[in-house]
Each structure stands twice: as structure tokens, then as C-alpha cells.
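Below is one structure, written out as C-alpha cells; the observations come after it.
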There are 2 protein chains.
Amino acid sequence: MTSIDPLPSSTSFRLGTLGALVTARFTDRIEAFGLKPKDVGLLTLLRAGGPLSQLEAARAMGVAPSLVVTVADRLEALGAVRRLRDPGDRRRQQLTLTDQGGALLDRCAATAHDLDAEFTAGLSEPERTALNTALGRLAADHGLPA
Amino acid sequence: MTSIDPLPSSTSFRLGTLGALVTARFTDRIEAFGLKPKDVGLLTLLRAGGPLSQLEAARAMGVAPSLVVTVADRLEALGAVRRLRDPGDRRRQQLTLTDQGGALLDRCAATAHDLDAEFTAGLSEPERTALNTALGRLAADHGLPA
DNA sequence: TATTGTTATACTCTATAACTATA
DNA sequence: TATAGTTATAGAGTATAACAATA
């Protein structure tokens with residue numbers, strides 16, 4: 001008789017459940033900075049892709065433009081981004097990462113790497129490297145930030 | 001000068017973003033079976049851990065007991081689980097996986113493995129294996145289904 | 001009085017739709 | 001008339017609180 005490969009041993013199931021777990025922990029920690037996960041996504045995008053209009057940001061993040069308003073409001077209140085009205089087309093708001101926003105993103109990166117160490121403590125060093133390399137390739141293949 | 005390791009190269013960031021992406025795709029596909037992700041979680045738990053009371057299920061899943069009511073209602077309507085009042089303690093509802101529920105879970109597993117193949121198409125076979133092995137170890141370390 | 005399940009309610013996240021200003 | 005941003009509203013998912021039945 002043939003036995004079916006069980007769900008919990010699939011890469012999809014494991015990625016989904018571990019991703020939710022690690023996101024929950026990361027969310028808890030960045031709360032200390034006044035940030036939510038989507039805020040970090042926008043900061044990451046701005047560092048990688050220079051100034052962007054809100055609509056461009058929404059498209060790159062795969063979210064509704066109205067959500068970018070909320071996220072940009074919060075980041076602006078923290079001094080992490082600046083909104084500059086485009087003089088050539090006054091409908092557009094150019095979002096720019098401030099120095100303070102860059103420093104905040106650095107603190108998020110440090111937090112993530114701390115979390116990496118704790119979360120993967122049970123892996124050997126080669127396993128950790130192989131894991132991160134494979135995840136990096138998948139991220140690139142699926143259009144996620146490098 | 002020292003440069004900070006960027007956020008998108010962290011394992012935590014990659015696990016979080018890839019996990020969200022793969023979960024969204026999986027969610028789309030199991031909708032054809034009338035299932036939501038948490039339903040699949042409960043079915044998985046019941047197959048692995050035999051009959052459970054709703055409270056036990058809530059604890060194992062890390063969700064509120066009231067959510068188990070909703071999930072069990074939907075699964076019962078699909079014929080995937082049975083609720084049996086415990087004769088020894090009539091407050092308890094024992095949740096049991098039916099044959100039909102087992103078949104449904106098998107279809108979810110097949111769906112997940114199809115998704116695995118598509119999602120990791122850009123990896124070499126050794127990379128795919130190393131990835132799944134490392135994820136399996138992390139899942140075990142963090143108390144997720146085997 | 002404590003516990004299991006259920007129902008009522010509220011909160012978070014995010015999308016869609018309506019609206020304003022500019023083109 | 002079309003587009004960028006904003007505001008208003010709605011839906012999904014999940015938690016907390018109130019309640020009913022049983023212990």
C-alpha cells in the first residue's frame with residue numbers, strides 16, 4: 001500500500017508555521033520602537049529603492065494605497081520618513097528615509113539578527129548557513145527584498 | 001568603518017516574508033476544499049494526537065477556546081470531525097477525526113507538496129533537502145507539529 | 001466554586017469605496 | 001476626465017468577556 005507524505009513534513013507547512021512564529025516574536029520586539037511589521041517593510045523598501053511616491057510604495061509592497069497612508073503617517077510622526085510634495089506633480093508625495101529612520105531600521109536589523117541566533121540555536125553552523133542561503137534564493141526568486 | 005548586516009538578509013526576515021507568501025498561496029488552494037488554515041491545523045493535530053477535547057486543542061494550537069468552537073463547527077459541517085460528549089465528564093466535547101476528515105487532510109498534504117515543488121523550483125535538489133531538514137529541526141525545537 | 005464550551009462583543013489588520021486636490 | 005492621496009466604511013481573523021451547563 002502507498003502512504004501519503006504527511007502535511008507537517010512539507011516545506012510549505014513548515015515555512016508557514018515557522019514564519020508566523022518568528023513574525024510574532026519580531027512584532028513583539030519592534031513594538032518597543034513604536035513600529036509594526038509593515039512599517040519595517042516600508043523602511044526597508046525606502047532604503048533599498050530611494051525615494052518613492054506612496055503609490056509606488058503600495059505597488060512594491062503589494063498592499064492597498066490607503067494602507068501606505070497609515071504606515072507613512074506613523075513613520076512621519078516618529079521622524080523616520082519625510083513627505084515631500086513633488087514640485088513637478090503636486091499630487092505626489094515623495095517618501096524619503098531620514099537619518100533617524102535609517103538608525104531605526106538599523107536597530108530593527110540588529111533585533112532580527114539577535115532573534116536569528118536564538119531561533120536557530122538548535123542548528124549547526126553549516127545548517128544555519130545552508131538554511132539562510134536557500135531562503136535568500138527563494139526570496140530573490142519570488143521578488144522579495146534581497 | 002563597521003557596516004550593519006542588513007535586515008533583509010536575516011533568517012527571521014526571510015522566514016517571515018516567505019512564510020506569509022506561501023501561506024497566502026496555500027490558503028487560496030484549500031479554499032476549494034472549504035477549509036481555512038486553522039482548520040488544517042486542527043485536522044493535523046487530531047491525526048497526530050488522537051481525540052482531544054476542545055480545550056486541549058486550543059492549548060495545543062495556541063489559540064483562544066472560542067476560536068476552536070468556530071473551527072470545529074466548520075469541520076463538523078464538512079463531516080471532517082465528530083464531536084462526542086465525554087460520558088465521564090459531560091462538559092467535555094471530544095473531537096475525533098473522521099475517515100472523511102482524514103481524506104481531506106490527505107488532499108491538503110498533496111496540495112502542500114505540489115506547492116513545495118513550484119515554490120522551490122529554483123533550488124537544486126540538495127538545497128531543497130537541506131532547507132526542509134533545517135526547517136524540520138526548527139519546527140521540532142519550537143514545538144510545532146513534526 | 002471551578003471548569004468546559006458557547007455566545008456576545010471588541011480589537012487589529014487590511015481592503016474597497018467615496019472624496020479632494022491636482023493634472 | 002484621470003490620477004495621487006486621503007478618509008470612510010467594511011470584512012476577515014482572532015481575542016476577551018459574559019453566560020450556560022456540568023462538575
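Labels below follow one simple rule: chain letters A, B, ... track the order of the sequence lines, proteins then strands, and each chain is numbered from 1.
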Enumerate all atom pairs, one protein N or O and one N or O from nucleotides 9-11 of chain D, separated by less than 3.5 Å.
none

Spacing of A/Gln93 atom CD relative to D/dT7 atom P, expressed in whole Å: 11 Å
Nearest-Å distance for atom pair CG/C1', residues A/Leu95 and D/dA4: 12 Å
N or O in side chain of A/Gln94 less than 4.0 angstrom from D/dA4 OP1/OP2: no
Whole-Å distance separating the CZ atom of B/Arg59 from the P atom of D/dA15: 14 Å
Minimum side-chain heavy-atom gap A/Leu84-A/Thr96 below 4.5 Å: yes
Neighbours of DNA chain D within residues 32-46 of chain A, by heavy-atom distance under 4.0 Å: none
Contact under 4.0 Å: B/Arg83 side-chain N or O vs C/dT4 OP1/OP2: no
Touch class at under 4.0 angstrom, heavy-atom based, for A/Ser53 against every strand present: sugar-phosphate
Sugar-phosphate, base or nothing in reach of A/Val63, heavy atoms under 4.0 Å: sugar-phosphate
B/Pro51 and B/Leu46, any side-chain heavy atoms less than 4.5 Å apart: no
Sub-4.5 Å side-chain heavy-atom contact between B/Asp89 and B/Gln94: no
Nucleotides 16-23 of chain C: protein proximity per nucleotide (B base, S sugar-phosphate only, - neither; heavy atom, under 4.0 Å): B-----BS
Spacing between B/Leu55 atom CG and D/dA23 atom P, to the nearest angstrom: 16 Å
Path from A/Val71 to A/Leu78 over hydrophobic side-chain contacts below 4.5 Å: yes
Min side-chain heavy-atom separation A/Pro145-B/Thr17 under 4.5 Å: no
Distance, rounded to the nearest Å, where B/Arg92 contributes CZ and C/dA2 contributes P: 18 Å
A/Phe119 six-ring face occupied by A/Arg25 cation (under 6.0 Å, within 45°): no
A/Lys36 and A/Arg74, any side-chain heavy atoms less than 4.5 Å apart: yes
Charged N-O contact under 4.0 Å between B/Glu127 and A/Arg137: yes
Nucleotide C/dT4, atom C1' - distance to CG of B/Leu84 in whole Å: 16 Å
Interatomic distance where CD belongs to A/Gln54 and C1' belongs to D/dT7 [whole Å]: 13 Å
Cluster link B/Leu95 to B/Val69, ILVMFWY, side chain under 4.5 Å: no
Salt-bridge criterion met for B/Arg14 and A/Asp116 (N-O under 4.0 Å): no
Transitive ILVMFWY side-chain link B/Val22 to B/Phe33, under 4.5 Å: yes
